[in-house]
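One structure below.
Hydrogens, waters and symmetry mates play no part in the numbers below; they use all other heavy atoms, side chains included. Just so you know, residue 1 is the first one in the sequence shown, and it goes up from there.
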Amino acid sequence: MAAEPSEKTGLNATPVPGAVPVPVPTQPEDTQPGPTATNTDEKNSAPLPSAEAETKETNSSSRASTSNGDSTAGTSAKKGKEISGEKVENDLSKADSKVWTQKAEEEKRDPWAHLSEKEAKILRTQVDTNEVKPGVLILYRFASRNDILIIIVSAIAAIAAGAALPLMTVIFGNLQGTFQDFFTGLMDKSDFMDEMTGLVVYFVYLGVGEFVCTYIATVGFIWMTDKQPITDTGEHISAKIREHYLQSCLRQNIGFFDKLGAGEVTTRITADTNLIQEGISEKVGLTLSAIATFVAAFVIGFIHYWKLTCILLSTVAALMLVMGGGSSFIIRYNKASIDAYALGGTVAEEVISSVRNCIAFGTQDRLSKQYDAHLIKAEHFGFKVKGAIGVMVAGMMLILYLNYGLAFWMGSQYLVDGIIPLSDVLIIMMSVMIGAFNIGNVAPNVQAFTTAVSAASKIYSTIDRQSPLDPTDDKGEKLDKVEGNIRLENVKHIYPSRPEVVVMEDVTLDFPAGKTTALVGASGSGKSTIVGLAMRFYEPVGGMVYLDGHDINQLNLRWLRQHIALVSQEPTLFGTTIYTNICHGLIGTKWENESDEVQKSLVEEAAKKANAHDFICTLPEGYETNVGERGFLLSGGQKQRIAIARAIVSDPKILLLDEATSALDTKSEGVVQAALEAAAEGRTTIVIAHRLSTIKDAHNIVVMSEGRIVEQGTHNDLLETHGAYYRLVTAQNIATAHELTADEQDAIDQEEEELIRQASRKSASGAGFAEDPDDDIRDRLNRSTTQKSVSSMALANRKPEEDQKYKLWVLIKLIASFNKPELVLMVLGCIFAAICGGGNPTQAVFFAKEIVTMSVIITPANKDQVKHDANFWASMYLMLAWVMFIAFAIQGIFFAKCSERLIHRVRDRAFRTILRQDVEFFDRDENAAGALTSFLSTETTHVAGLSGVVLGTLLMITATLVSAIALSVAIGWKLALVCVSTIPILLGCGFFRFWLLAHFQRRSKNAYAHSATYASEAISAVRTVAALTREEDVLKQYKDSLAKQQHDSLISVLKSSALYAASQSLLFLCFALGFWYGGTLIADREYDMFQFFVCFSAVIFGAQSAGSIFSFAPDMGKAHQAAAELKTLFDRKPVVDTWSSEGEEVGEIEGTIEFRDVHFRYPTRPEQPVLRGLNLDVRPGQYVALVGASGCGKSTTISLLERFYDPLAGGIYVDGREISSLKVNEYRSLIALVSQEPTLYQGTIKDNIILGCPREDVTDEAIEFACQEANIHSFILSLPEGFDTVVGSKGALLSGGQKQRIAIARALIRDPKILLLDEATSALDSESEHVVQAALDKAAKGRTTIAVAHRLSTIQKADVIYVFDQGRIVEEGTHGELMKKGGRYAELVNLQSLEKRN
């Protein structure tokens, strides 16, 4: 990074003698903070355990503690509210008051310490990876002999291309010498023409050589690292790394992925291989060229005259000093700026990821101020960074012009003394300059190499990892015949990713061949673990698993999996046709290589058995229908039936069904269940079921709890024993009696359709009154009741948001509005930018004057005069150097101020506008917290590309070109016009040289996007790939997709490399043209030397430096896109708008709540009905509980009460007024919400509590009172810093229970009339749960309270319990009444009591 800015400042754009590269007032991309790294300040970061570790810990502890916690719903009724008694209160005040800092130490400890050595070893081999030591050579580990040959040839070409640049100065110097000889009469016209054309032809040769060498080097390096060379033996390197990496991933055991996550694999296979590719492709060539240029330049200098070269070496030292000094400032401030943005990003991420909380409490404005505080800091440092860049660029300009002055001043001394001719002075001066500026190009590339090496070490450590369960390995025996008897013997299992939880303890179980065995039990009881062990996804830490009496560890893994078929709860299909998806089931079987006809008949047969054939045939393309990525184009039931067909197509001996119907709705479930029963016929089948009615015909039913077997037997045997199974069955039967039949379901659907139709008419007419049913006649005549689905009608009513196309002018106006206050700075900046542009033509005059002065024949008579004149022009350079320094520094600093102000204001406004949006906005996939946070950090910085900086850059280019053309036309119009004709080429070269370098980087990223998607699809479904033994198949497809991309991308590389080589070499041809035409004019005595050099250097060097500026103008394309996205965001008006002041005043409320026939669907999932005619009454001061299975609409009810959404039909009334007619902010201020995941923000405990209060001036008494009510006061006082204790990012320094009680205190400080509790204790372990429950019971007194509960023991004392099912209320009453009734509620209670059995 050290000299990164040099690369961006345009100074490496100086392959030209005398070209004054005009650097630019922009800022290097790299100094922009990227998407925020969420690092918290040091103070917090020390004791923070990772959030993930924390949740795992709480979950596992809650799982572990359920056993001794609220045992059954019945018994814990006592515990429920006795807590409010004084005695218990005191005990509770001490409960859950551990300060949560020991975690960091715990995490450092060995996670396997509590296990025996054998167990620890088994788990360790499943997750450990050895690190590979990084070194530059490992990058080329997969290079073949041909690759290495290509590397060597390309390296030689790159060195030659680099060395060619300084050779040009020799020709330039000799041409000047030839002109001088002609004017001083040492040469006649014909000799002059011969000599001159000879030298000009050298320019052409150099140009051709440069083109060929650059082309070979660029293509060679990019091609070799990324393509397949024409010879087939040497495969390309980075594609090889990608292949080996995916191959290694597919070989790994499942435990490895539990630790890693599919996201990380995707990142490695895309981002990290791109980093490696950058480190071994064109950057190597560029670095070699830059070093070669540097070396060649100084060799040429020393050959011509060592003393002058040594003196001018000071330029290199000065340049290094300026670059080094500037970079150290830039890096320091940049780090500070990035840190400030990162802290801001953390705030933004915290707020956006818990945006419901922020909306519910109306804290948008206060949190925006917190964010803004970080932005102010970031702006301060950002200004310093950009200012430092401006001054550094100015310093480089200073050195550049001072170098001219010094060279002519010293050179004239040696010239007058007769030591060297003027041509040598020019050659040395230009060589040194080219060499000095090129060495600045090396540093940024070195960074690319180091990044590549570190990325490679991570990738290679996976490639080298030996998998303990390698499906591609051929060892292990294969049985001739499989019966299908499976036996578990004394099995103990621990998942390697959760070593602290024993999932299965001493289980012995037989699965007889050809019979169906069902496993039932609460979640987490070890049912799915049995499936994982049978597939050998994991190694058990104790005991054995046998297949037909053979230990499965001795069998070949691939062979074993080919004889077992698995249908899991979430079926994974691959992004290809239905036919191919089903064919995946044939991999590894005797039918794998059969003819298409045979395979087709097998596939159709399997589809018929799986009840899928009929629906597949109704699809337009039948079996050739593409199912989309992960099968998202099909419904759940369709996916599941295709998965079943895939499982049975190879007629496996063993079938594992892991809750195969649980994710389906009632209608699909029946169909799929029928398919499963047909499929299980005559095979060893292991079924995990959650609906007991589906398994009553099983040959053996095993009831599990907490990793042990509670009871087993047939359905009838178990019913007779009246044990756990009996209780489950009776409860489920009663509940089923209350379920809707298909006809009732249809009736509801139709009623809902009608309602939505009315709602859409109502909103169309804008009238808010109910309609008379008879008014509908006209509609009935016009159309039959359409068979459109309800969702399509609800959707038709909602207009989708269109992508707006904005004119450029509109966007520029938008961005200019953010910079209005800095208008004066902008104008001044532009004036100085124009002055900077005039530097080039001015120096052309000085240059020509120097040459004319020193081109005379030196005699003792004119010796002093020549020295005097030369010194005068040298001192003019000194003057120009300082003028340029001041102009560049001032415009750099002014524009830095403007662009930082702009970015700050845009970010602040964007953040506030994001928080203005309603919850529907955040439900959309594209508006996930990560995406919005990165939008805030990256898109907002791109906007600077349409601001004053660009204006300055364009002005500078215009000033350079206009003044150069004006000057040269005035002095010698003929030569001027010929030179002007080369301007487009020179501008193009300057622009393309940099644009293409950026393009190469973009290309390598995009080229692999498609294959990366494919790889990540395979890895995220790694269990399915393993179960189907698709490893080789996946790898083969990946290779094909890489090969296709390489072919496509080869053509683009050949084209763009040619363009790049041309941009490097056309320069020489322009020089040749200028010198040849100028020489002809001189031969005819039309022009003198002054005219020639003014015209030539003004136009050609001017155009070149202008071209290099082009490339540094901030990316206008990105800026345009970013500005359009911001404009769209700023223009979006949410349905529920917190900025609006419309609606009635709320005033005092009592707290009566009623839902009248409310229908609702989430806008992002319109096909899924959530509430279907909900009617609900809550009286003031009542404690009402909502219970039901997940997904039945409980939390939605809370969301609608908070007015996160508006219902599709029906209304919600508080004190008889519909809530959508009230002022939304005022209405929300009367409600408090405590949700399942308590949200705390960075800052102190006090800050977090105050956020609950609508006013900001809260007394300490009020805070303390709220904390006492929330049972957290004594805990806070026990902390060393009391209320000023920092809670860490997202409250990570507190335990779950402590966070939840702070969240309750925050809710109570509002003194709400209505308290909403959304599963407020579900994420806690039992100790914390009791404390928090006590706090909640206390908080609910005297308020209308609605609690959504998932642990029924917590709500037994509720005044009314409403039981939800499929978006309607099916039962209501108190706990006692509902238990007597023995319906859905009783079933839920019994289910939970089974979960808690020991």
Side-chain angles (χ1 to χ4, degrees), residues 355-362 918-920 922-923 1134-1138 1143-1144 1146 1148-1163 1170-1188 1192-1236 1252 1254 1303-1304 1306-1308 1310-1320 1336 1339-1340 1343-1349 1355 1358-1362 1364 1367-1369 1372:
V355 73
R356 288 159 180 261
N357 194 69
C358 161
I359 294 175
F361 282 95
D918 46 18
V919 175
E920 174 190 336
F922 298 96
D923 287 343
V1135 183
V1136 183
D1137 187 358
T1138 49
E1144 301 173 32
V1146 181
E1148 277 298 303
I1149 62 168
E1150 298 212 319
T1152 311
I1153 300 170
E1154 47 186 328
F1155 279 68
R1156 298 184 194 161
D1157 198 23
V1158 171
H1159 289 251
F1160 179 71
R1161 300 174 177 224
Y1162 283 102
V1170 184
L1171 297 181
R1172 321 165 64 162
L1174 177 69
N1175 289 299
L1176 185 75
D1177 280 332
V1178 183
R1179 303 267 76 84
Q1182 258 187 344
Y1183 185 100
V1184 171
L1186 313 178
V1187 299
C1192 64
K1194 311 183 297 289
S1195 297
T1196 307
T1197 310
I1198 300 272
S1199 297
L1200 289 173
L1201 258 180
E1202 271 286 2
R1203 209 171 160 222
F1204 289 156
Y1205 307 94
D1206 283 341
L1208 279 178
I1212 302 166
Y1213 296 83
V1214 169
D1215 287 0
R1217 292 188 290 177
E1218 192 175 4
I1219 59 173
S1220 57
S1221 66
L1222 305 174
K1223 283 191 173 167
V1224 65
N1225 290 338
E1226 209 179 315
Y1227 166 67
R1228 282 183 185 151
S1229 69
L1230 300 167
I1231 299 180
L1233 170 68
V1234 180
S1235 53
Q1236 184 174 358
I1304 294 170
R1306 177 174 61 198
L1308 295 182
R1310 298 170 81 82
D1311 190 21
K1313 282 282 178 276
I1314 299 173
L1315 182 61
L1316 305 177
L1317 308 174
D1318 189 357
E1319 304 209 7
L1336 289 174
R1343 296 192 168 90
T1344 306
T1345 308
I1346 298 184
V1348 169
I1355 49 117
D1359 299 325
V1360 185
I1361 298 173
Y1362 284 105
F1364 276 69
R1368 308 167 68 234
I1369 288 172
E1372 58 182 280

Non-neighbouring partners of Asp1177 that pass salt bridge (Lys or Arg N to Asp or Glu O under 4.0 Å), sequence neighbours left out:
none

Listed by chain and number, what are the side-chain contact (heavy atoms from CB on, under 4.5 Å) partners of Ala1307, not counting sequence neighbours?
Phe361, Ala1232, Val1234, Leu1315

Where is the tightest heavy-atom contact between Pro1207 and Val1158, given as atom of each residue plus distance?
CB-CG1, 3.6 Å

Under the side-chain contact (heavy atoms from CB on, under 4.5 Å) test, which residues partner Asn1175, sequence neighbours left out?
Asp1157

Rounding to 0.5 Å, atoms CG (Asn357) and CZ (Arg1306) come to a distance of 4.5 Å

Sequence neighbours excluded, the answer for salt bridge (Lys or Arg N to Asp or Glu O under 4.0 Å) partners of Arg1310 is none

Any idea which heavy atoms bring Ile1231 and Pro1312 closest together, and the distance?
C-CB, 4.0 Å

ring-ring contact (aromatic ring centres under 6.0 Å, His included) with Tyr1205: which residues, sequence neighbours excluded?
Phe1160, Tyr1162

Hey, what do you get for CG (Leu1208) to CZ (Arg1161), rounding to the nearest 0.5 Å?
7.5 Å

Here the gap from Leu1233 atom CG to Ile1198 atom CD1, rounded to the nearest 0.5 Å, amounts to 7.0 Å

Could you tell me which residues satisfy side chain to side chain donor-acceptor pair (under 3.5 Å) with Ser1235, sequence neighbours excluded, listed by chain and number?
none

Find the distance between CZ (Arg1343) and CG (Leu1316) and round it off to the nearest 0.5 Å.
12.0 Å

Glu1150: partners by salt bridge (Lys or Arg N to Asp or Glu O under 4.0 Å), with sequence neighbours left out
none

Nearest-0.5 Å distance that lies between atom CD in Gln1182 and atom OG1 in Thr1345:
10.0 Å

When Asp923, Asp918, Asp1318 are each screened for salt bridge (Lys or Arg N to Asp or Glu O under 4.0 Å) with Arg356, the one that passes is Asp923

Output all residues satisfying side chain to side chain donor-acceptor pair (under 3.5 Å) with Thr1344, sequence neighbours left out; order by chain, then residue number.
none

Can you name the residues that form a side-chain contact (heavy atoms from CB on, under 4.5 Å) with Leu1230, not counting sequence neighbours?
Val1146, Ile1149

Partner residues of Asp1137 under the side chain to side chain donor-acceptor pair (under 3.5 Å) criterion, sequence neighbours left out:
Arg916

Identify the residue among Thr1197, Ile1219, Leu1201 that makes a side-chain contact (heavy atoms from CB on, under 4.5 Å) with Ile1153.
Leu1201

Say you draw a straight line from CZ of Phe1364 to CG of Leu1176; how long is it, rounded to the nearest 0.5 Å?
5.5 Å

Using the side-chain contact (heavy atoms from CB on, under 4.5 Å) criterion, which residues pair with Val1224? Sequence neighbours excluded.
Val1136, Arg1203, Arg1228

Set of salt bridge (Lys or Arg N to Asp or Glu O under 4.0 Å) partners for Glu1144, sequence neighbours left out
Arg1217

